[in-house]
Amino acid sequence: MSSSASSSAAGSSRHPDPDDGRITIAALTEEGFARVVAAAPTHLRSVRALVLDPLGPADRRALARISAKLRTRPSDLGAAN
């Protein structure tokens, strides 16, 4: 693969970060995004069936509480690092 922009048949593109050559930027192409959108209903049904449906009410409340904490970033808490 060359150091210039490249595309993948999988619906994504990769190219070096222009500001930091150590970093590779990956992005979905329009085709890749369309594939994600098309797969979403099946993915959501699977997540519900395999992850959420087996949980009782107490477990769902615990999952909601834990998920809220995971969405919190250190900067949201005023942490210096």
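None of these values were measured; they are calculated from a predicted model.
Of all heavy-atom pairs spanning Leu50 and Pro54, the tightest one is O-CG, 3.8 Å. Taking all atoms of both residues into account, the shortest heavy-atom contact from Leu52 to Arg60 is O-NH2, 3.2 Å. Pairing each heavy atom of Gly11 with each of Arg35, the nearest pair is N-NH1, 4.4 Å. Heavy-atom minimum distance, Pro18 versus Ile25: CD-CD1, 4.3 Å. The two residues Val51 and Leu55 come nearest to each other via the heavy atoms O-CG, 3.4 Å.
Val36 and Val47 fall into different hydrophobic clusters, where Ile, Leu, Val, Met, Phe, Trp and Tyr residues are linked whenever their side-chain heavy atoms come under 4.5 Å apart, directly or through other members. One hydrophobic cluster, built from ILVMFWY side chains closer than 4.5 Å, cannot hold both Leu44 and Val37; they sit in different ones.
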Next on the checklist: For a side chain to side chain contact (heavy atoms under 4.5 Å, CB included) check, start with the C-alpha distance between Arg65 and Arg61, then their side-chain angles and the critical distance, and finish with the verdict.
Outcome noted: CA-CA 6 Å; Arg65 180 181 53 77; Arg61 286 190 300 273; over 6 Å; no
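Going from atom CZ of Arg48 over to atom CG of Asp53 covers 6.0 Å, rounded to the nearest 0.5 Å. For the atom pair OG1 (Thr29) and CD (Glu31), the distance works out to 5.5 Å, reported to the nearest 0.5 Å.
Arg45 is linked by a side-chain hydrogen bond (donor to acceptor under 3.5 Å, both in side chains) to Thr42, counting only residues two or more places apart in sequence or in another chain.
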